[in-house]
Amino acid sequence: IGKTVTQRMRITATGVYAAFLSNCETSDDLQISGRIFVKGVNGYLPDNRQGVLTLLGWCLAAHIIIGVVWVALLASNKKLLHEPHCAIAACIASGAGEAVCYLQLLSEISGTGESSALLEGVSQTMSIMKSSFVFGVILLLCFGVGLTQCEGYSSICWKILGVIMLFFAAVADKVITFDYRHSKNLSDRDIFRALMPVTLVTFASIAWGGRGISNTMSRCKDLKYDDTLKLLQRLVMLVVILVLLVMGIWAAQLMDKP
């Protein structure tokens, strides 16, 4: 009682293993806690997550190559630089940062079986930043910023910036809640409370962006910008696919109960 006991067991075969703890105390306020670490051939990271390390490595390499090419293109066309170009560069940079952070996080878990709260927080922040930048690029293109001449250019950019900040805050609340739902055993009410703000911001932004892209497409038709019109039509298809994908991910997360 009052002591920490460490036991080790060598497992040589795949199967279901259960740890039992018995005691002869009669105290009503006895508290027992502990943790189980399973170390495989490749470390503490489960074998079914080893492929994630390889995938993250390839993602990092792809982001670096795309980033170098994109920066070179921007440098050679400084006069044509607009907000969407900078936002895309931010997407690439945050995506590379996310890959680096999660590579370090999983490597740390594989080596020690534990991870630092700071590294987890930084990884989550980079992931949220990447999602917010992608969200911002879509809104900028919906209103034709950098594609056509639009009225109230400065006002639209500030409004989009405000929406991105709201989206960032809503996504951060949702990510943090879903990450701690297993360890804290949160109720369904807490889960829906965290999911509601990001859902409202997302669908309200889709409605607002839909009106914007409709006006932008009308201007492109009037000005006979056929190439830009095709780009916007493809953007609409991309947004529909992304919305369906996000809804599927959220549904899977809701069904993933502790």
Side-chain angles (χ1 to χ4, degrees), residues 45 49-110 115-116 118-148 153 156-158 160-172 174-175 179 198 202 205 209 213 227-228 230-243 245-246 249:
L45 194 67
R49 300 291 301 277
Q50 292 294 331
V52 178
L53 287 172
T54 304
L55 178 61
L56 287 172
W58 282 108
C59 286
L60 177 59
H63 277 86
I64 292 175
I65 294 173
I66 295 173
V68 170
V69 173
W70 186 252
V71 170
L73 290 173
L74 295 183
S76 61
N77 298 276
K78 293 181 180 180
K79 295 181 180 180
L80 301 177
L81 192 62
H82 291 286
E83 284 81 359
H85 300 120
C86 298
I88 292 174
C91 291
I92 298 172
S94 57
E98 179 190 21
V100 170
C101 290
Y102 276 108
L103 266 173
Q104 180 62 31
L105 180 65
L106 293 181
S107 299
E108 187 175 302
I109 294 174
S110 180
S115 62
S116 64
L118 177 61
L119 188 56
E120 288 183 4
V122 173
S123 301
Q124 293 170 354
T125 302
M126 295 302 299
S127 179
I128 297 170
M129 287 177 60
K130 182 194 68 176
S131 300
S132 300
F133 285 134
V134 171
F135 190 71
V137 169
I138 293 175
L139 286 179
L140 287 170
L141 295 178
C142 284
F143 285 92
V145 177
L147 298 177
T148 63
Y153 176 87
I156 290 175
C157 290
W158 281 109
I160 291 175
L161 180 61
V163 173
I164 291 174
M165 294 176 66
L166 285 175
F167 182 78
F168 183 92
V171 172
K174 180 255 179 187
V175 169
D179 279 351
V198 67
T202 300
S205 301
I213 199 171
D227 293 337
T228 304
K230 291 179 180 179
L231 174 64
L232 293 174
Q233 290 172 345
R234 293 171 181 172
L235 177 64
V236 172
M237 296 176 60
L238 176 63
V239 170
V240 172
I241 294 173
L242 287 176
V243 170
L245 180 62
V246 168
I249 293 174

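Keep in mind it's a predicted model, so treat the numbers as computed, not measured.
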Nearest-0.5 Å distance that lies between atom [atom1] in [X] and atom [atom2] in [Y]:
| X | Y | atom1 | atom2 | answer |
| --- | --- | --- | --- | --- |
| Leu141 | Ile160 | CG | CD1 | 9.0 Å |
| Leu105 | Gln124 | CG | CD | 9.0 Å |
| Leu118 | Cys101 | CG | SG | 9.5 Å |
| Leu238 | Gln233 | CG | CD | 14.0 Å |
| Ile92 | Ile66 | CD1 | CD1 | 6.5 Å |
| Ser107 | Leu119 | OG | CG | 9.5 Å |

Check your understanding: Ignoring hydrogens and geometry, is there a side-chain-to-backbone donor-acceptor pair from Ser110 to Leu106 under 3.5 Å?
Key ->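 Checked: no pair found.
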Practice item. Please tell me if the side chains of Leu56 and Leu60 come closer than 4.5 Å, counting only heavy atoms from C-beta onward. Key: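 No, their side chains stay 4.5 Å or more apart.
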Check your understanding: For Ser127, which residues count as a side-chain contact (heavy atoms from CB on, under 4.5 Å) partner, sequence neighbours excluded?
Key ->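 Counting only residues at least two positions away or on another chain, Ser127 forms a side-chain contact (heavy atoms from CB on, under 4.5 Å) with Glu98, Tyr102.
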For [X] and [Y], which heavy atoms make the closest approach, and how far apart are they?
| X | Y | result |
| --- | --- | --- |
| Leu139 | Gly209 | CD2-CA, 4.4 Å |
| Ala87 | Val137 | CB-CG2, 3.4 Å |
| Gly136 | Ile164 | CA-CD1, 3.4 Å |
| Ser131 | Phe167 | O-CE2, 3.8 Å |

Practice item. Can you label the angle between the Trp70 ring and the His85 ring as parallel, tilted or perpendicular, going by 30° and 60°? Key: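 Rings of Trp70 and His85: tilted, as their planes differ by 30° to 60°.
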**Study point:** CA sep, side-chain torsions, deciding dist, call: Ser205, Phe135, side-chain contact (heavy atoms from CB on, under 4.5 Å)
**Key:** CA-CA 9 Å; Ser205 301; Phe135 190 71; 3.3 Å; yes
